[in-house]
Amino acid sequence: MKPAAATLGSFLRPAAAVLVPLLLIGWAGAAALPLEKPLSQPLRSRETYQAVRDVSLHAQTLQTEEDSSRRLMPRVNTDQDHLKICCLHANILDFYLNNILHQRDNMHPKMHRLKTDLHRVSEDLQTHGCNVTHFHENHHAVEFRRKLKAMGGEQGITKAVGEVDILFSYLQDFCIQPRNRTKSD
């Protein structure tokens, strides 16, 4: 009996040495994938994220200390329906595309990429049912526009560009497809 067990053991050790790392790599790879699928691919693009970050940081360096202590982007109750929060921020994104970013075309070398990717996000979200005009009078959207106007011209535009990273974070967090419900949920 011992020779059979020894033969089996000598076979299993090398197999386990190969299989265990492969299983661990597979588990780690699966854990790195997002659980929810974004409603727009640029929301998960490293290049878009980097463009958002670079443009935002550049604009923040142009702000006064007083400006950096203010916040234009409204804070929302995250207990609401995610799609409503997404569509609210899609409305603010639409405002950015039509009123803010085009005024800063030459502000940063990555501005063109940023505008192109954010335009795609806006189109994708509208395709998924975000009616941006429906949220035009939402108190958060109105508050954002009021604060921007109060800051005034160049100062307000620069502040808004500096907060594009906050807007992008909201879009990343809330513009996701809901997980399919199973009977066990």
Side-chain angles (χ1 to χ4, degrees), residues 33-56 59-60 63 67 70-105 107-108 110-182 185:
L33 298 175
L35 296 175
E36 292 93 4
K37 184 177 176 191
L39 294 178
S40 180
Q41 282 309 116
L43 292 174
R44 292 292 185 247
S45 163
R46 286 184 182 175
E47 292 82 13
T48 305
Y49 173 80
Q50 194 62 49
V52 166
R53 186 172 182 271
D54 291 349
V55 169
S56 177
Q60 290 170 19
Q63 295 173 17
D67 292 345
R70 298 183 196 170
R71 180 174 164 144
L72 296 175
M73 196 62 57
R75 297 181 198 278
V76 298
N77 177 0
T78 57
D79 293 336
Q80 299 176 57
D81 176 44
H82 280 206
L83 188 59
K84 286 181 181 177
I85 297 172
C86 172
C87 292
L88 164 65
H89 288 90
N91 172 273
I92 295 172
L93 172 61
D94 197 54
F95 185 84
Y96 262 76
L97 291 168
N98 293 318
N99 300 288
I100 295 170
L101 296 179
H102 73 86
Q103 294 188 40
R104 293 293 188 263
D105 281 335
M107 177 184 234
H108 192 275
K110 292 188 180 177
M111 182 61 87
H112 178 72
R113 177 182 188 100
L114 175 69
K115 287 174 29 182
T116 300
D117 289 351
L118 291 181
H119 185 66
R120 175 163 173 217
V121 169
S122 179
E123 288 177 346
D124 290 348
L125 295 179
Q126 290 180 46
T127 299
H128 283 292
C130 278
N131 179 352
V132 295
T133 57
H134 175 76
F135 286 87
H136 185 71
E137 295 304 318
N138 178 286
H139 70 279
H140 291 297
V142 171
E143 176 189 353
F144 171 79
R145 292 190 308 268
R146 182 189 56 75
K147 286 179 178 179
L148 179 66
K149 186 176 181 181
M151 279 193 90
E154 297 296 314
Q155 185 181 10
I157 298 297
T158 301
K159 177 64 176 172
V161 173
E163 289 190 6
V164 73
D165 59 337
I166 299 170
L167 173 61
F168 191 73
S169 292
Y170 274 117
L171 294 168
Q172 283 183 311
D173 292 346
F174 294 100
C175 297
I176 52 176
Q177 290 180 351
R179 284 187 249 174
N180 291 335
R181 294 276 180 202
T182 62
D185 281 353

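Quick caveat, the model's predicted, so the values are computed rather than measured.
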> What residues, two or more places apart in sequence or in another chain, satisfy salt bridge (charged side-chain N to carboxylate O under 4.0 Å, His left out) together with Glu154?
Replying inline: Arg104
> Are the sulfur (SG) atoms of Cys86 and Cys175 separated by under 2.5 Å?
Replying inline: yes
>> Please list all pairs meeting side-chain hydrogen bond (donor to acceptor under 3.5 Å, both in side chains) that have one or both residues in residues 45-55, counting only residues at least two apart or in different chains.
In response: Ser45-Glu47, Ser45-Thr48, Thr48-Asp117, Gln50-Asp54, Asp54-Lys110
> So, for Phe135 and Phe95, is the gap between ring centers shorter than 6.0 Å?
Replying inline: no
> Is a donor on one side and an acceptor on the other found under 3.5 Å between the side chain of His128 and the backbone of Leu39?
Replying inline: yes
>> Rounded to the nearest 0.5 Å, what separates atom CZ in Phe174 from atom CG in Leu43?
In response: 13.0 Å
> Taking atom NE2 of His89 and atom OH of Tyr96, what is their separation to the nearest 0.5 Å?
Replying inline: 9.5 Å
> Would you say the side-chain atoms of Ser169 pair up with the backbone N or O of Asp165, donor to acceptor, closer than 3.5 Å?
Replying inline: yes
>> Rounded at 0.5 Å granularity, tell me how far CG in Asp94 sits from SG in Cys87.
In response: 12.0 Å
>> I'd like to check the salt bridge (charged side-chain N to carboxylate O under 4.0 Å, His left out) partners of Arg120; sequence neighbours left out, ordered by chain and number.
In response: Asp124
> Heavy-atom distance under 4.5 Å between the side chains of Lys115 and Val55, does that happen here?
Replying inline: no
> Restricting to pairs with a member in residues 131-144, which pass side-chain hydrogen bond (donor to acceptor under 3.5 Å, both in side chains), not counting sequence neighbours?
Replying inline: Asn131-Thr133, Glu143-Lys147
>> For Thr127 and Glu123, which I'm curious about, is there any donor-acceptor pair between the side chains at under 3.5 Å?
In response: no
> Any donor and acceptor pair, going by atom type alone, linking the side chain of Gln103 with main-chain N or O of Ile157 inside 3.5 Å?
Replying inline: no
> What distance do Asn98 atom CG and His119 atom NE2 have between them, rounded to the nearest 0.5 Å?
Replying inline: 9.0 Å
>> When you measure from the side chain of Gln80 to the backbone of Asn77, do you find a donor-acceptor pair of N or O atoms at a distance under 3.5 Å?
In response: yes
> Can you list the residues that meet the side-chain contact (heavy atoms from CB on, under 4.5 Å) rule with Gln63, with sequence neighbours excluded?
Replying inline: Gln60, Asp67, Ser68, Thr158, Lys159
> Who are the salt bridge (charged side-chain N to carboxylate O under 4.0 Å, His left out) partners of Asp79, not counting sequence neighbours?
Replying inline: none
>> Let me confirm one number: the CD-CG distance from Glu163 to Leu148, rounded to the nearest 0.5 Å.
In response: 9.5 Å
